[in-house]
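Below is one structure, written out as structure tokens, with a few remarks after it.
Reckoned from all heavy atoms, side chains included, excluding hydrogens, waters and symmetry mates.
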Amino acid sequence: MSFFLPKKIPVSILFFIFVIILLPIVDNLTGALFKLKLMPEGFIGSPSQLARFALFIFVIFLVDKLENRTPLKVILLLTCYFLAIEVAFAFVHLNFKAFLYGVVFSIKLLFTVSCYFFVAGWLNQDKEKTVYTIKQITNYGTIIAFLVLTAYFSGFHIPNYGIGMATRGLFISGNGLGIVLGISTIFLVHYTKDINLLSLSHILFLIATTTLLGTKASLIFLFFSLLLLAIKLFRQSPIIAALLITIISIYLLVPLMDIIGGIFENIIFKFNNIENKLSFIASSRDRFIKDAFEVMNIDDIYSLRVLFGGGAYYAYSDHVSNAILARKSLENDLFELFFCYGLLIAIAYLISYFYALKRVLSNGNRVIALALSLAFFHSITMGHVLFNGTSAITYALCLALSLNGAKVSKNDF
């Protein structure tokens with residue numbers, strides 16, 4: 001698995017350079033400003049937001065060049081839909097900050113949608129382009145891992161928790177990074193034809209960074225990555241794999257467990273001190289959602305909020321100017337979609353996943369189906385996928401591969 005640039009369609013190269021390479025760097029610039037306390041979290045007009053707005057316009061231009069005109073119509077329709085919701089409720093709450101927040105929130109989601117439509121249209125069931133896209137997902141994870149580790153070892157980074165070694169580098173949000181690194185690792189392990197010292201070092205580099213995040217989500221992807229790696233090594237060379245596991249167990253298991261315990265110290269502490277283990281697993285998201293339904297006003301004309309949502313800033317709370325400083329994020333993408341943009345959009349999100357899963361399974365790309373499903377269920381349980389600028393790109397690319405990618409195997413890499 002390596003970086004390479006195909007000679008065909010240079011505009012696609014530009015897309016991947018901007019999205020895969022430049023955006024993470026801009027996100028780290030935003031994180032550095034946050035770390036230096038020059039910019040508060042959620043600041044409207046951050047470098048990341050401006051970059052995504054510029055790339056949203058750029059990707060719309062790319063989608064316009066596709067032969068199929070339907071994707072452009074869908075993007076423009078969704079843009080009008082989201083903006084209409086924000087404008088309509090702006091006349092109710094009369095809060096300009098809330099309106100700007102809603103526009104920024106909408107553009108973040110629309111950028112992800114536009115990336116999906118461009119890549120899906122560009123793929124067009126082409127095997128070479130499918131291979132290229134999978135490699136770019138792996139490259140994306142490698143770049144993210146490099147940025148996280150560079151920030152960590154420099155000492156200038158943002159800890160994930162108040163205790164423990166866990167870090168997110170200079171990314172504002174660390175919860176979505178596990179998806180990017182986890183899916184990149186899964187693809188790298190599966191599509192590497194023969195694991196050698198170089199490819200194994202690459203895989204362990206991604207696994208180590210995934211571990212360093214220290215989140216519950218990263219634990220899930222860590223499990224699948226290690227499981228696939230173990231299966232791959234035993235199939236390729238059972239004797240060497242057995243010797244490697246034996247050496248690790250004898251000489252490295254104790255120090256590795258000490259390091260992992262230090263990284264996941266926050267999770268271990270909460271697990272030991274929270275009696276309700278289901279509440280621990282859900283991180284109180286179930287309570288946030290229940291509270292949101294109790295607060296949500298659907299009397300009279302407000303009943304339209306069930307179908308169309310209440311905008312990104314107020315969502316389930318009262319649309320009264322300056323009634324709240326900021327609502328509580330539900331950290332669940334499905335219910336965020338419902339409260340912000342209504343039942344229609346939430347249902348569309350569910351349908352898109354199940355339709356894509358059916359397509360990718362019928363095509364025989366089971367590992368892509370696994371990656372898509374892990375990202376989707378992370379999205380509807382722990383959130384931080386659709387509304388996380390970093391992980392949303394990975395989900396968009398996986399969705400595009402599922403719906404319009406060609407059937408590929410490790411022999412194609």
Side-chain angles (χ1 to χ4, degrees), residues 1-5 16 20-21 24-25 28 131-154 157 165-171 174 177-215 218-260 262-264 367 370-371 374 390 394 409-413:
M1 305 288 283
S2 60
F3 288 85
F4 78 103
L5 297 177
F16 284 108
I20 301 299
I21 300 175
I25 295 174
N28 271 230
V131 170
Y132 176 70
T133 303
I134 291 172
K135 288 186 176 185
Q136 293 313 307
I137 292 175
T138 300
N139 292 338
Y140 187 43
T142 304
I143 291 168
I144 298 295
F146 174 79
L147 291 171
V148 170
L149 287 181
T150 300
Y152 179 72
F153 287 115
S154 73
H157 64 97
M165 299 164 56
T167 182
R168 55 183 183 265
L170 285 174
F171 289 91
L177 296 181
I179 296 170
V180 180
L181 295 172
I183 289 177
S184 298
T185 309
I186 288 170
F187 282 168
L188 181 60
V189 171
H190 179 76
Y191 289 112
T192 298
K193 189 173 182 181
D194 295 306
I195 294 181
N196 52 35
L197 184 60
L198 181 62
S199 59
L200 182 60
S201 299
H202 190 179
I203 292 167
L204 293 178
F205 173 69
L206 291 176
I207 287 175
T209 312
T210 306
T211 306
L212 191 59
L213 297 176
T215 63
S218 68
L219 266 178
I220 296 171
F221 283 98
L222 187 62
F223 168 78
F224 280 99
S225 298
L226 290 173
L227 178 63
L228 290 174
L229 178 60
I231 293 172
K232 184 97 171 184
L233 288 173
F234 271 104
R235 284 180 176 176
Q236 181 176 317
S237 182
I239 296 176
I240 294 176
L243 285 173
L244 184 63
I245 291 175
T246 302
I247 291 171
I248 291 174
S249 299
I250 295 174
Y251 297 103
L252 297 176
L253 185 60
V254 174
L256 281 175
M257 290 303 294
D258 288 340
I259 293 172
I260 292 172
I263 293 172
F264 291 98
V367 171
L370 172 64
L374 286 174
T390 308
T394 299
S409 68
K410 61 179 71 69
N411 295 323
D412 297 313
F413 287 77

Check against side chain to side chain contact (heavy atoms under 4.5 Å, CB included), F187 and V367: CA-CA 7 Å; F187 282 168; V367 171; 3.9 Å; yes
So how far is it from I143 CD1 to I25 CD1, rounded to the nearest 0.5 Å? 7.5 Å
List the atom of F413, the atom of K135, and the distance in Å for their closest heavy-atom pair. CD2-CE, 3.7 Å
For residues T192 and K410, determine if any side-chain heavy atom of one lies less than 4.5 Å from a side-chain heavy atom of the other. no
Reported CG-to-CD1 distance for the pair L226 and I203, which is rounded to 0.5 angstrom: 10.5 Å
Residue among I183, I20, I21 satisfying side-chain contact (heavy atoms from CB on, under 4.5 Å) with Y140: I20
Y191 (side chain) donor-acceptor with D412 (main chain) under 3.5 angstrom: no
To the nearest 0.5 Å, atom CG of L212 lies from atom CG of L177 at 10.5 Å
From CD (Q136) to OG (S184), nearest 0.5 Å: 10.5 Å
Mark yes or no for whether K232, through its side chain, and H190, through its backbone, hold a donor-acceptor pair below 3.5 Å. yes
Residue pair T209, F146: steps toward the side chain to side chain contact (heavy atoms under 4.5 Å, CB included) verdict: CA-CA 8 Å; T209 312; F146 174 79; over 6 Å; no
Crowded around F234 CZ? As in, over 12 foreign heavy atoms under 6.0 Å? yes
Given the options L188, L229, L181, I207 meets side-chain contact (heavy atoms from CB on, under 4.5 Å) only with L229
Is a donor on one side and an acceptor on the other found under 3.5 Å between the side chain of S154 and the backbone of A151? yes
Between L374 and I186, is a side chain to side chain contact (heavy atoms under 4.5 Å, CB included) present by the stated rule, with each step listed? CA-CA 11 Å; L374 286 174; I186 288 170; 3.7 Å; yes
Do T185 and F224 make a side-chain contact, defined as non-hydrogen atoms from C-beta onward lying under 4.5 Å apart? no
Do the side chain of T210 and the main chain of G178 share a donor and acceptor less than 3.5 angstrom apart? no
Can you give me the closest heavy-atom contact between F171 and T390, atom names plus distance? CD2-OG1, 3.9 Å
Nearest 0.5 angstrom please: L206 CG to T211 OG1, how far? 10.5 Å
Examine distances only and state if a side-chain atom of Q236 and a backbone atom of I195 form a donor-acceptor pair shorter than 3.5 Å. yes
Value rounded to 0.5 Å, distance of NZ in K193 from CG in N411: 4.5 Å
Do N196 and S199 have side-chain N/O donor and acceptor atoms under 3.5 Å apart? yes
Of all heavy-atom pairs linking H202 and T138, the shortest is CE1-CG2, 4.2 Å
